[in-house]
Asks: 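Sharing a structure with you now.
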There are 2 protein chains.
Amino acid sequence: MNNMSLREKKKIETKNRIFEVSGKLFKEKGFESTTIDEITKEAGIAKGTFFNYFPTKESLVFYFAEQKAELIYDLTEKEAVKHLHTKERMKKFLVALAESYEKDKDLTKLLFFEYRRYIENSRNAPDKERNPHYRLINVLLGLLQEGIEKREVKESIDTRMAAETLNAVYFHTLMMWLKSENELSFSRNISAKIDLLFEGIGD
Amino acid sequence: MNNMSLREKKKIETKNRIFEVSGKLFKEKGFESTTIDEITKEAGIAKGTFFNYFPTKESLVFYFAEQKAELIYDLTEKEAVKHLHTKERMKKFLVALAESYEKDKDLTKLLFFEYRRYIENSRNAPDKERNPHYRLINVLLGLLQEGIEKREVKESIDTRMAAETLNAVYFHTLMMWLKSENELSFSRNISAKIDLLFEGIGD
DNA sequence: GGTCATTAATGACCATGGTCATATTTAAAT
DNA sequence: ATTTAAATATGACCATGGTCATTAATGACC
């Protein structure tokens, strides 16, 4: 950090300024309503400079999302309470994740919807390592496999499919929460749904 | 249809022409890559005229989706095989729906992603009557409630939550299928997942 | 058949995301 | 200190979605 050339320092500084100004403006006026012109003006750079750092306006959101992605792995480490029942571990993990989202609904909304659009539109195969989505599935998969060993999860199930299902429910619940006006609790909702998934619907 | 003024006839004709040309071009080159200029040129109208019929480019997709929405209700009528087990009825219904999508993956892809974007961006409360999403949830809800009466579904469950969960899994599976390159079968996949949801994950 | 208010069609115009050839700044080599 | 090549910044420019004042077509009424 100190043996950097002036060039490198300025570069980092500029990227950070773009990032911070963008975040501020997005929160203030939303993603769509914030123009590149505003961002560059506020950041004190020319329009073209923006595109030297971020290939598109949307890629900014991708960058935002990446920062937050680390969270998922951190959480798995923290929630290494191996003695708990698989269902409870899963709950603890997903609820903790949910609570971290609940801290800033507006930012989460922005990240979720724009990030998903970005992923969907990108033609290249999604980078499975960096994509938070795949990370989550892998964590769930791990928990399920351990659960089978501990005889807390049906041996007969297809763990991949079960992980996908849990993931689907998680994201759907997140989406519903983001779209809801009322103060529906995301973490409580996801907790109840995990119960449902473990017990099953059938009588 | 015959006692229409020339005006009305021409209006309908123009709207249909826009609709057909759009559909053709979207299939050929995708939604994003098709420009309004191309559509209007191919339809033999001026650019402004397009916006007399559809407020935005995206609203075209909404119009497409509406046409297809009727399907869901039609299917519930057809699948009125009341004597089957609730799980089987649900499977039959969702699989039939899935199969109808499988007939034209490209169009489905277009409708699904763009329609969802449209819904997400529209600030006004979504029109719950016309929105296919809500229709599906309501059908599932009905099936679950009947299932409880027949003692084929756990009495203790929150039917609303269960319907949402089924819906979440259905849409997630649809999305995964749309994104998959390989010829993963959507209908078989959804069928397996309904089994999982009915039996539950826990041992 | 002519008049005129209403309705629809038009395309010049605007705003914004994104490109690129050119200009400027930096750091190394001499 | 000067030169030079590479890195970085710049803003005129382009394409496209969408607007709106103006123009043209229509049909009710005479």
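Each chain gets a letter, A, B and so on, in the order its sequence line appears, and its residues count up from 1.
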Asks: Would you please confirm or rule out a distance under 4.0 Å between OP1 or OP2 of D:dT8 and any side-chain N or O of A:Tyr53?
Replies: no

Asks: Among residues 33-42 of chain B, which ones have heavy-atom contacts with DNA chain D below 4.0 Å?
Replies: B:Thr34, B:Thr35, B:Ile36

Asks: Do A:Thr86 and A:Lys150 get their side chains close enough for a donor-acceptor pair, meaning under 3.5 Å?
Replies: no

Asks: Of all nucleotides in DNA chain C with an atom under 4.0 Å from a non-hydrogen atom of chain B, which is the first and which the last going 5' to 3'?
Replies: C:dT6 to C:dG11

Asks: A:Trp177 and A:Leu184: which non-hydrogen atoms are nearest, and at how many Å?
Replies: CD1-O, 3.2 Å

Asks: Of all residues at least two apart in sequence or in a different chain, which pass the salt bridge (Lys or Arg N to Asp or Glu O under 4.0 Å) check with B:Asp195?
Replies: B:Lys87, B:Lys91

Asks: Which heavy atom of A:Gly23 sits nearest to which heavy atom of A:Phe64, and what is that distance?
Replies: CA-CZ, 3.4 Å

Asks: Just checking A:Tyr170 against A:Phe186, ring centres under 6.0 Å apart?
Replies: yes

Asks: Report, as yes or no, whether the 6.0 Å neighbourhood of atom NZ on A:Lys27 holds more than 12 heavy atoms from other residues, nucleotides or ligands.
Replies: no

Asks: Begin with the C-alpha distance, continue with both residues' side-chain angles, and end with the deciding distance and a verdict on side chain to side chain contact (heavy atoms under 4.5 Å, CB included) for B:Leu166 and B:Leu144.
Replies: CA-CA 10 Å; B:Leu166 280 158; B:Leu144 284 171; 4.2 Å; yes

Asks: At 4.0 Å (heavy atoms only), tell me whether B:Phe54 reaches a base, stays on the sugar-phosphate, or touches nothing.
Replies: nothing

Asks: Identify every side-chain donor-acceptor pair in residues 41-52 of chain B under 3.5 Å, counting partners at least two apart or on other chains, and give the distances.
Replies:
from: B:Glu42; atom 1: OE2; to: B:Lys24; atom 2: NZ; distance (Å): 2.5

Asks: Please list, in numerical order, the residues of residues 44-52 of chain B that have a heavy atom closer than 4.0 Å to any atom of DNA chain C.
Replies: B:Ile45, B:Ala46, B:Gly48, B:Thr49, B:Asn52

Asks: Which base, if any, makes a Watson-Crick or G-U wobble pair with D:dC30, both distances under 3.5 Å?
Replies: C:dG1

Asks: Which pair of heavy atoms, one from A:Met161 and one from B:Ala192, lies closest together, and at what distance?
Replies: CE-CB, 3.5 Å

Asks: Which atom names give the shortest non-hydrogen contact between A:Ile157 and A:Ala162, and what distance separates them?
Replies: CD1-CB, 3.6 Å

Asks: When you measure from every atom of DNA chain C, which of residues 16-25 of chain B have a heavy atom less than 4.0 Å away?
Replies: none

Asks: Quick check: closest heavy atoms across A:Val169 and A:Ile190, and the distance to 0.1 Å?
Replies: O-CD1, 4.2 Å

Asks: Quick one: do B:Val95 and B:Arg188 satisfy side chain to side chain contact (heavy atoms under 4.5 Å, CB included)? Show the steps, please.
Replies: CA-CA 8 Å; B:Val95 165; B:Arg188 245 173 296 152; over 6 Å; no

Asks: What closest approach, in Å, do A:Phe31 and A:Lys57 show between heavy atoms, and which atom pair accounts for it?
Replies: O-NZ, 3.1 Å

